Protein chains: 2
Amino acid sequence: MDDRKKKILQSIIDDYISTAEPVGSRTVARKHELGLSSATIRNEMADLEEMGYLTQPHTSAGRIPSDKGYRFYVDQLMRQSELTVEEIYSIKSAMETKINELSQLLKQVSVIMSRITKYTSMAAIPERKNSVLKAVQVVPVERGKALVIVITNAGTVKNSLIKISETVLPEFLISVSNIFNEKLSGLTIEQINLPIIREIEILIGSSQEVLMPILNGVIDCIEQIDSAEVFLEGAINMLNYPEFSDVDRAREFLNLMVEKDLISRVLKDISVDNDGVVIKIGKENDIEEMRDCSLVTTTYTAGNLVIGTIGIIGPTRMEYSKVLAAVNFMKKKMQEEVEKLIGKDPGRT
Amino acid sequence: MDDRKKKILQSIIDDYISTAEPVGSRTVARKHELGLSSATIRNEMADLEEMGYLTQPHTSAGRIPSDKGYRFYVDQLMRQSELTVEEIYSIKSAMETKINELSQLLKQVSVIMSRITKYTSMAAIPERKNSVLKAVQVVPVERGKALVIVITNAGTVKNSLIKISETVLPEFLISVSNIFNEKLSGLTIEQINLPIIREIEILIGSSQEVLMPILNGVIDCIEQIDSAEVFLEGAINMLNYPEFSDVDRAREFLNLMVEKDLISRVLKDISVDNDGVVIKIGKENDIEEMRDCSLVTTTYTAGNLVIGTIGIIGPTRMEYSKVLAAVNFMKKKMQEEVEKLIGKDPGRT
DNA sequence: ATTAGCACTCAACGAGCTAGAGTGCTAACA
DNA sequence: TGTTAGCACTCTAGCTCGTTGAGTGCTAAT
């Protein structure tokens, strides 16, 4: 792959990204001054096609990049771009709202990213393994009702309304609450096991009557934490792109986006052991239905603990450089916010 | 409008609802045995068109119902239908999951309704005026951090993580919490005013340092309650109908559905002073973009207090009888669940 | 009042044609 | 030897045009 081929490939991909039309040799010769005739470029394009970087929808059409072409573009050709000052300003002002829970932050970040990129954005807390319980509280609400609250190091607050015997006194509930808190906080979700529950049981002393509802409440909260939270914004943006001008295609995509579990799993798989930005192009995605989408994701951390993943999904013909800039910027921004929110070192409490 | 005309109109609308194709006189004569020739029906159809119940897409096509036609159909012609045993069974089993917050219930009901009807479903708590605070609690989380929890009579639990001075002792926090709880619970959101806050301030005695963060937390929670919660499910279902086979049309609809505020307002407007089922057909909707959609909504109550609204949105050509049956059934089902959840008489506590 | 019959209308469909964008090859050129 | 002008060829998109058929409205017969 000589220098001239690179330049031509870059021109073609740049052009195709902005127009969504197959690019012909004439267009390349005209728009991007390489000082070459269309015939020469034609020859080079034939070579590039043979090498697998380009394909032809049909004989008399121009070329469009293949997944391999995009991959090469992303790895070697793409010009690095930065967000405009307006964009940065709009992000900053959007981030000014008061945020006091991680899920709020994720939602907001998601909205911002989809607005900036005009693609679909995702934000998730997929790594439940890392969740350490920070506090467990039982609060009396009214006679016969109490609220179990579980707070994790990741800033997630979950609660579950439970019924308890009306005879239980609020004071007793508070002491029970303290026992739960003492025994469970500091543990990861996976560390909660039968022996620990047994221990609590013994400490409380009294009958199952109190223990069970609370325990169920705690379990309920943990299940809520466990069910990976995924925020997805701007799915409808995709309908603006010619790739999705067919309703069937659009429906297929949107149906995919509804499957939060799937999205969560995809994000999780990608982000494992990788703290840079990961780009998955077309068929590089495991999911069949995402074969003509690309994914640009990265993880956000607090201290050196990976908390979750944010990313953008768009057509393979996406503005990679812009998306990359946006994702990188938001990663940094998120980092700051997360640290403000849950502290630099969420491991210890 | 004589009896024969009614029968013919009914046949046409029934047919159009199931096929989405303009209905011709021949079809009516053949499919629905009225003992009449197509010519007679043709004459009647011409009359019905003149009366405004039918329209013709173009001269040589069959007729389709106008909004007025649907209105007449819904009011007078429609056969009442019931859910099948399978549907009822599927609803019941879907409702078995443990639910302990109103928003969970709404979400679930929404999912069920969209699955049963194959249209888009909505569920909302639009009436914040009715929200009475049931409990206000401040729970210490860790040094310098506390959680403010607000629970309303409608079963909504909201929380807000706040920072407080590290010097504040947990015991003090609890007594402050009690003061807040005592002073605020039982009030509606609108009843909280400056004099009450002043009263709390005096009772606490100590400096603003403690009062302010907690108050901000409470305000934050109230704002969360205030921001009308709307659950919307199955928007993508609409892409299955020929009405939305055009991407622009589909996008327009989906963009509308993203506007939760708008939906919330629409629901609120409709449900005012009406506890039956309200059907809004086509242009009867105030929103321009909903001109070829119909809305079937109803309110759900606890005791005799209106809590919120549930409903279905679909193309004007929707299966009204089925949707009506589903909405009615879900209304009852919801009633039961709401009462289980927040008690028969949420007004007093 | 109903209906058979008929002329008429119009969208949908497909065939056939054209325009034009693009290609690959060949031969000439620097 | 690499580059380019020229040319024949290919193929889609878009157009026209005729055909088909579903449906209508009107008229005259029952």
Side-chain angles (χ1 to χ4, degrees), chain A residues 1-9 11-16 18-66 69 242-243 245-247, chain B residues 1-9 11-16 18-66 69 242-243 245-247:
Chain A
M1 170 81 74
D2 61 26
D3 209 56
R4 196 172 68 182
K5 278 203 177 53
K6 283 187 189 174
K7 276 214 179 91
I8 291 172
L9 183 57
S11 297
I12 293 170
I13 299 186
D14 278 337
D15 206 82
Y16 185 68
S18 61
T19 64
E21 296 288 332
V23 186
S25 54
R26 241 184 99 75
T27 317
V28 178
R30 212 169 347 103
K31 280 202 202 167
H32 315 262
E33 305 118 1
L34 298 164
L36 293 171
S37 76
S38 65
T40 311
I41 289 169
R42 221 150 38 232
N43 289 328
E44 294 287 42
M45 282 166 81
D47 288 355
L48 284 167
E49 181 169 1
E50 207 170 336
M51 292 159 81
Y53 296 106
L54 296 175
T55 52
Q56 244 178 330
H58 57 263
T59 346
S60 73
R63 303 300 208 293
I64 62 176
S66 66
E243 283 86 342
S245 62
D246 173 51
V247 186
Chain B
M1 167 81 75
D2 61 25
D3 210 55
R4 195 170 67 179
K5 278 202 178 52
K6 282 188 190 174
K7 277 216 179 92
I8 291 173
L9 183 57
S11 296
I12 292 171
I13 299 185
D14 278 338
D15 206 82
Y16 185 69
S18 62
T19 65
E21 295 289 329
V23 186
S25 55
R26 241 183 100 74
T27 317
V28 178
R30 208 167 351 103
K31 278 203 199 165
H32 315 265
E33 305 117 4
L34 298 165
L36 294 170
S37 77
S38 66
T40 313
I41 291 169
R42 223 155 28 237
N43 289 328
E44 294 286 43
M45 282 166 79
D47 289 356
L48 285 167
E49 181 169 1
E50 208 170 334
M51 294 160 80
Y53 295 107
L54 296 175
T55 51
Q56 244 178 330
H58 56 264
T59 344
S60 73
R63 304 301 208 292
I64 60 176
S66 66
E243 283 87 343
S245 63
D246 172 52
V247 187

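All values reported here derive from a predicted model rather than from experimental measurement. Order of the sequence lines fixes the chain letters, A, B, ..., with proteins taken first and strands second; residue numbering starts at 1 for each chain.
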| task | Calculate, to the nearest 0.5 Å, the distance between atoms CD1 and CE belonging to B:Ile8 and B:Met1 respectively. | result | 10.0 Å

| Looking at OH of B:Tyr53 and CD1 of B:Ile12, how far apart are the two atoms once the value is rounded to the nearest 0.5 Å? | 13.0 Å

| query | Is it true that a side-chain atom of A:Thr19 and a backbone atom of A:Asp15 form a donor plus acceptor pair closer than 3.5 Å? | reply | yes

| task | Answer with base, sugar-phosphate or nothing: what part of the nucleic acid does A:Ala61 contact at a heavy-atom distance below 4.0 Å? | result | sugar-phosphate

| query | Between D:dT4 atom C1' and A:Arg42 atom CZ, what is the distance in whole Å? | reply | 9 Å

| said: Rounded to the nearest 0.5 Å, what separates atom CG in A:Leu9 from atom CD in A:Glu44? | reply: 11.0 Å

| Between D:dG2 (P) and A:Lys5 (NZ): distance, integer Å | 11 Å

| query | Is the number of heavy atoms from other residues, nucleotides or ligands within 6.0 Å of NZ (A:Lys7) greater than 12? | reply | no

| request: Identify whether any heavy atom of A:Ser25 sits under 4.0 Å from a base atom; if not, whether one sits that close to sugar-phosphate; answer base, sugar-phosphate or nothing. | output: sugar-phosphate

| Nucleotides bounding contact with chain B, strand DNA chain C, heavy-atom threshold 4.0 Å | C:dT2 to C:dA11

| Sidechain-backbone polar pair: A:Gln56 side chain, A:Gly62 backbone, donor-acceptor under 3.5 Å | no

| query | To the nearest Å, how far apart are B:Leu48 CG and D:dG23 P? | reply | 17 Å

| Between B:Asn43 and A:Met45, which has a closest nucleotide on DNA chain C that is more 5'? | B:Asn43

| In whole angstrom, what separates B:Glu49's CD from D:dG23's P? | 15 Å

| message | Please report the distance, rounded to the nearest Å, between CG in A:Leu36 and P in D:dA5. | response | 11 Å

| For DNA chain C, whose closest nucleotide is more 5', that of B:Glu44 or that of A:Gly24? | B:Glu44

| query | Can you tell me if the side-chain N/O atoms of A:Arg4 get under 4.0 Å from OP1 or OP2 in D:dT3? | reply | yes

| said: Using a 3.5 Å distance criterion without hydrogens, assess whether the side chain of A:Thr55 forms a donor-acceptor pair with backbone atoms of A:Ser66. | reply: no

| Is any side-chain N or O of A:Thr59 closer than 4.0 Å to OP1 or OP2 of D:dT10? | no

